[in-house]
Amino acid sequence: MRIAQIKLRVISMPLKSPFHTHLGTVTEREGIIVEVIDSNGISGYGEGVAFTTPWYTEETVRTSLHIMSDVLIPLLQKNLINQPEDAAILFQSIRKNHMAKAGLEMAIWDLYAKASLTSLSKVIGGTRSEIASGVVIAADSLLSALNQIEKYLEEGYQRFKIKIHPGQDYTVLEEIRRYYPELPIMADANSAYTLKDMDRLKALDDFNLLMIEQPLASDDIIEHSLLQKGINTPICLDESIVSFHDAKNAIELGSCKIINIKAGRVGGLYEAKRIHDYCLNRGIDVWCGGMIEFGISRAHNIALASLPGFTIPGDISASNRFWEEDIIAPEVSVKNGCVSVPDTPGIGFGINEKRLKETTRIEKVFKF
Ligand code: OSB
Ligand code: MG
């Protein structure tokens with residue numbers, strides 16, 4: 001692979017409606033669109049998925065921009081890459097900063113797949129032609145949550161993830177179950193609880209949840225294993241799993257029964273695939289998480305979720321779940337509850353140049 005140029009664009013777009021969690025409300029999303037261009041003029045795209053503030057992980061848009069510009073791109077300028085794995089391994093010399101690494105690494109995967117005239121799904125070993133689609137309900141009231149469920153159910157979504165926290169848990173889920181006794185639902189706590197809440201979390205066993213995602217803190221790996229012994233609902237880890245090593249530890253300790261894989265959180269597709277392969281060999285279910293992302297990252301998620309171990313519908317929703325107009329064309333759409341996996345080269349979605357231009361706030365070009 002001969003990289004000729006890299007372009008970083010910081011973009012910003014309002015969400016169609018506010019996204020509420022106990023950690024804060026997201027109304028405007030910033031992101032970094034990474035374009036890696038080779039000597040033949042082929043462009044591969046990736047997306048830095050850090051948020052403006054460090055509420056979900058420690059990275060931010062600014063720290064990602066710094067690490068990409070001043071650390072990772074200089075590494076790529078000094079070292080030849082023959083395949084995307086080489087970039088992932090090259091970046092291992094730098095600690096953490098997984099979202100910055102993933103933005104670049106995933107653009108290189110797209111470029112590699114496009115230059116090979118193969119879909120990204122096929123390049124990484126995907127076996128599915130369509131992905132079951134799930135959606136997240138991040139509302140600030142019970143009524144709003146019920147309204148959202150009704151709307152997304154009509155749009156065909158197959159699985160519903162409800163954000164919960166102490167005080168907005170039992171009663172909310174009880175009411176949802178009253179209207180929808182059979183609906184495939186799960187809960188995501190984004191670390192809102194501690195082990196002292198064991199009884200409170202045990203009570204949620206009443207609702208036949210598919211799983212509870214990240215009830216305790218991201219470093220509570222032992223506490224999660226104690227919690228799992230005390231509740232029937234399967235625990236799924238999100239924030240706790242930032243590497244293959246974390247995934248292995250969590251599974252061996254019994255800290256979770258399911259893993260949510262986000263390529264951005266673990267440093268890219270190479271590490272995501274390692275976690276997937278490990279889980280597949282041990283019969284651990286995985287699903288693909290979301291980051292309120294734009295179309296580029298959404299397209300990468302579709303390729304990732306086409307791997308055989310992604311057996312549970314993930315947070316893979318249509319572009320119009322969050323955006324009036326996405327930066328890709330065509331947009332990601334959900335039909336009969338599924339998203340189809342493109343079989344055209346690379347991520348299989350083009351750029352909506354007009355939308356990308358009008359949302360770009362900062363542009364940086366790096367020549368090789
Ligand atoms: O915890 O899974 C999470 C969004 C941003 C950051 C963290 C999370 C989420 C979601 C929404 O739950 C996922 C989506 O984009 O659909
Ligand atoms: Mg989560």
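Computed from a predicted structure; not experimentally measured. Start at 1 and go down the list; that is how both ligands and their atoms are numbered.
Under the 4.5 Å side-chain criterion, counting only non-hydrogen atoms from C-beta, N249 is not in contact with F244. Side-chain contact between E331 and W323 is absent, with no heavy atoms from C-beta onward closer than 4.5 Å. In this structure, the side chains of I162 and D188 stay at 4.5 Å or more apart for every pair of heavy atoms.
For K367 (side chain) and Q5 (main-chain N/O), no donor-acceptor pair under 3.5 Å exists by modelled atom type. A side-chain donor-acceptor contact under 3.5 Å links K101 to the backbone of I94. Put simply, the side chain of S144 never gets that close to the backbone of A139: no donor and acceptor are under 3.5 Å apart. Of the possible donor and acceptor atoms, one in the side chain of K273 sits under 3.5 Å from a partner among the backbone N and O of I124. Remark: side-chain polar atoms of H98 are not paired, donor with acceptor, to backbone N or O of E59 under 3.5 angstrom.
Under 4.0 Å from ligand 1, the heavy atoms of V136 that appear belong solely to its side chain. With a 4.0 Å heavy-atom cut-off, ligand 1 is reached by no atom of T21.
At least one N or O atom of K161 sits closer than 3.5 Å to an N or O atom of ligand 1. On a distance-only criterion, M291 and ligand 1 share at least one N/O pair closer than 3.5 Å. Between D238 and ligand 1, at least one N/O pair is under 3.5 Å apart. The shortest N or O to N or O distance between K163 and ligand 1 is below 3.5 Å. Close N/O approach between S317 and ligand 1 is not found [any backbone or side-chain N/O within under 3.5 Å]. Close N/O approach between N260 and ligand 1 is not found [any backbone or side-chain N/O within under 3.5 Å]. No N or O atom of F19 sits closer than 3.5 Å to an N or O atom of ligand 1.
Under a 4.0 Å heavy-atom criterion, E213 is in contact with ligand 1. At least one heavy atom of K262 sits closer than 4.0 Å to an atom of ligand 1.
For D238, the N, O or S atom with the smallest separation from the Mg ion (ligand 2) is OD2. Residue E213 approaches the Mg ion (ligand 2) most closely through its N/O/S atom OE2. Residue-level check: among N/O/S atoms of D188, OD2 sits closest to the Mg ion (ligand 2).
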Decide ring pair (Phe, Tyr, Trp, His ring centres under 6.0 Å) for F207 and Y170; before the verdict, give the C-alpha distance in whole Å, the side-chain angles of both, and the deciding distance to 0.1 Å.
-> CA-CA 9 Å; F207 302 121; Y170 196 93; 4.7 Å; yes
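Both L90 and L269 are members of a single hydrophobic cluster when ILVMFWY side chains are connected at heavy-atom separations under 4.5 Å.
Among all non-hydrogen protein atoms, the one lying nearest atom 6 (C) of ligand 1 is W55 CH2, 3.5 Å. Closest protein heavy atom to atom 15 (O) of ligand 1: I292 N, 2.7 Å. Among protein heavy atoms, atom 5 (C) of ligand 1 sits closest to F51 CZ, 3.4 Å. Nearest protein neighbour of atom 1 (O) of ligand 1, counting heavy atoms only, is N190 ND2, 2.7 Å.
Smallest separation of non-hydrogen atoms from E58 and P54: O-CB, 3.5 Å.
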